[in-house]
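Working notes for the structure below.
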Amino acid sequence: MPELPEVETTRRGIEPPLLGRRIESIVVRDPRLRWPVTDSVQAACGHEVTAVRRRAKYIIIEVGDGGLLLHLGMSGSVRILTEDEPPRKHDHFDILTREATLRYCDPRRFGSFSWCPRPFEAHPLLNGLGPEPLSEAFSGDHLYRRSRGRRAAVKNFIMDGRIVVGVGNIYASEALFMAGIHPSRAAGRVSAARYAALARAIQDVLGRAVRQGGTTLRDFSGAGGTPGYFAQELLVYDREGRPCLQCGTSITRRVIGQRSSFYCTSCQR
DNA sequence: ATCGGGACCTGCTTGC
DNA sequence: TGCAAGCAGGTCCCGA
C-alpha cells in the first residue's frame with residue numbers, strides 16, 4: 001500500500017493533530033509487528049511532539065530526547081480519531097493526546113513501531129540509507145557513480161534503499177518506462193546520460209504523486225488498499241497486455257527480483 | 001562487496 | 001459453491 005507519496009501524505013495528515021501536543025499515553029493492543037513492539041516506546045509519554053518528520057518510508061514523531069519510529073510496511077495505515085471508537089481487527093496500537101488519538105492498523109504486520117534515541121541517523125534502521133529522491137543529494141550522477149561494475153538489474157538497483165530511498169515497486173516500473181530503460185538491464189551498463197533521465201523521472205513521478213496527496217491514503221478513515229485515482233496516471237504498472245501509451249506495443253509483465261515488473265519491450269532498452 | 005533467494009504475514013482475487 | 005493457488009505497494013537476513 002504505502003510508497004513514498006503515501007507515507008508523505010500520512011505524515012502530512014498526522015502532523016497537524018500531533019504537533020505541539022503532549023503524548024498522554026501509548027496503548028499497545030497487539031505488539032506483533034515486524035519486530036515486537038516493546039515498552040521502550042513509552043519513553044515518549046509525557047512529552048510534547050516537536051516535529052513529525054519522514055526519512056525514507058519511516059515516519060518519526062519527535063519528542064524531547066528521541067522519537068517514535070513508524071513504518072507502514074505493506075499494509076499499514078493510520079487514522080486519527082477524535083472520539084472513542086472500538087478497535088477493529090489488526091489495530092495494533094494507539095498514540096493518545098488530549099485532543100486526538102492516532103490509531104495504527106496493519107493486517108500483514110510488516111510494519112514496525114519503535115523508540116529511536118537521538119541522533120536518529122545512528123539508528124540501525126536509518127543509518128546507511130541513501131539520499132532522499134526529492135533532495136539535492138540525489139542525481140543521475142549519484143546513480144551513475146554508485147552503479148559502476150554492478151550486474152544486478154537496474155530496477156533492483158534503484159529499489160535498494162542504500163542507493164536511494166523511497167522508490168517502491170510501482171514507481172520503479174514507472175520511472176524506468178519514462179526514462180526508456182529496460183528494467184532488467186544491468187545497472188552497470190546504463191550510461192550517465194540515461195541515469196540523468198532516470199533520476200529526473202524518479203523525481204517527476206514521486207513529486208507529482210506527493211503533490212496530489214498520494215493515492216489510497218488521501219483521507220485517514222481507513223480506505224481499502226486498492227490503487228486510488230493515481231492509478232489512472234500509471235503508464236505501465238498493472239497494465240499487462242494493454243497497449244503502451246507511447247507506441248502501442250502490448251505491455252509485458254515479468255518477475256524481476258521476486259517482484260512484478262511492467263515494461264514496454266519496444267520503448268525500453 | 002554484491003547478489004539472489006527466502007523469510008516474515010493476512011486477505012483478496014482468480015481459476016479449476 | 002468451495003477450495004487452493006496466486007498475488008499484493010517492503011525490507012531484512014542469509015548463504016554463495
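Side-chain contact between A:Ser173 and A:Lys155: present, with at least one pair of heavy atoms (C-beta onward) separated by less than 4.5 Å. Considering only heavy atoms from C-beta on, A:Leu125 comes within 4.5 Å of A:Tyr58 through its side chain. In this structure, the side chains of A:Pro2 and A:Thr10 stay at 4.5 Å or more apart for every pair of heavy atoms. Contact annotation: the side chain of A:Tyr171 approaches that of A:Leu206 to within less than 4.5 Å [non-hydrogen atoms, C-beta and beyond].
The residues A:Arg55 and A:Glu132 are annotated as salt-bridged, a charged nitrogen and a carboxylate oxygen being separated by less than 4.0 angstrom. Salt bridge annotation for A:Arg88-A:Glu85: present, with a cationic side-chain nitrogen under 4.0 angstrom from a carboxylate oxygen. Note on A:Arg12 versus A:Glu15: no salt bridge recorded, every NZ/NE/NH1/NH2 to OD/OE distance being 4.0 Å or above. Under the 4.0 Å criterion applied to side-chain N and carboxylate O atoms, A:Arg22 and A:Glu48 are not assigned as salt-bridge partners.
Looking only at atom types and distance, the side chain of A:Arg34 has no donor-acceptor partner in the side chain of A:Ser112 under 3.5 Å away. With no hydrogens or angles considered, no side-chain donor-acceptor pair links A:Asp94 and A:Thr101 at under 3.5 Å.
Considering only the side chain of A:Ser260, C:dA8 comes nearest among C:dG10, C:dA8, C:dC12.
The distance between atom CD of A:Gln258 and atom P of C:dC13, rounded to the nearest whole Å, is 16 Å. Rounded to an integer number of Å, the gap from CD1 of A:Ile170 to C1' of C:dT11 is 16 Å. If you take CE of A:Met159 and P of C:dT11, they are 8 Å apart, rounded to a whole angstrom. In this structure, A:Leu72 atom CG and C:dT11 atom C1' are separated by 14 Å, rounded to whole Å. Taking atom CG on A:Asp160 and atom C1' on C:dG10, their separation rounds to 13 Å, with Å as the unit. Rounded to whole Å, the distance from CD1 on A:Ile163 to P on C:dG10 is 17 Å. Rounded to an integer number of Å, the gap from CZ of A:Arg108 to C1' of C:dC12 is 15 Å.
Side-chain N or O atoms of A:Arg208 include none that pairs as donor or acceptor with a backbone N or O of A:Val210 at under 3.5 Å.
Ring geometry for A:His92 versus A:His90: interplanar angle under 30°, hence parallel rather than tilted (30 to 60°).
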Per-nucleotide pairing state of DNA chain B [Watson-Crick or G-U, under 3.5 Å; [ ] pseudoknot-crossing; | other strand]: .|||||||.|||||||
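Annotation: B:dG6 and C:dG6 have their P atoms spaced 15 Å apart (nearest Å). Nucleotides B:dC9 and C:dC14 are separated by 16 Å at their P atoms, to the nearest Å.
Residues from residues 109-129 of chain A lying near DNA chain B, meaning a heavy-atom separation below 4.0 Å, are A:Arg109, A:Phe110 in numerical order.
Using a 4.0 Å heavy-atom cutoff across all strands shown, A:Tyr58 reaches sugar-phosphate atoms only and no base atom. Within 4.0 Å (heavy atoms only), A:Arg259 reaches at least one base atom of the nucleic acid.
First and last contacting nucleotides of DNA chain B toward chain A (any atom under 4.0 angstrom from a heavy atom, 5' to 3' order): B:dT2 to B:dG11.
Along DNA chain B, the nucleotide nearest A:Pro107 and the nucleotide nearest A:Ala152 are compared for position; the residue whose nucleotide lies closer to the 5' end is A:Ala152.
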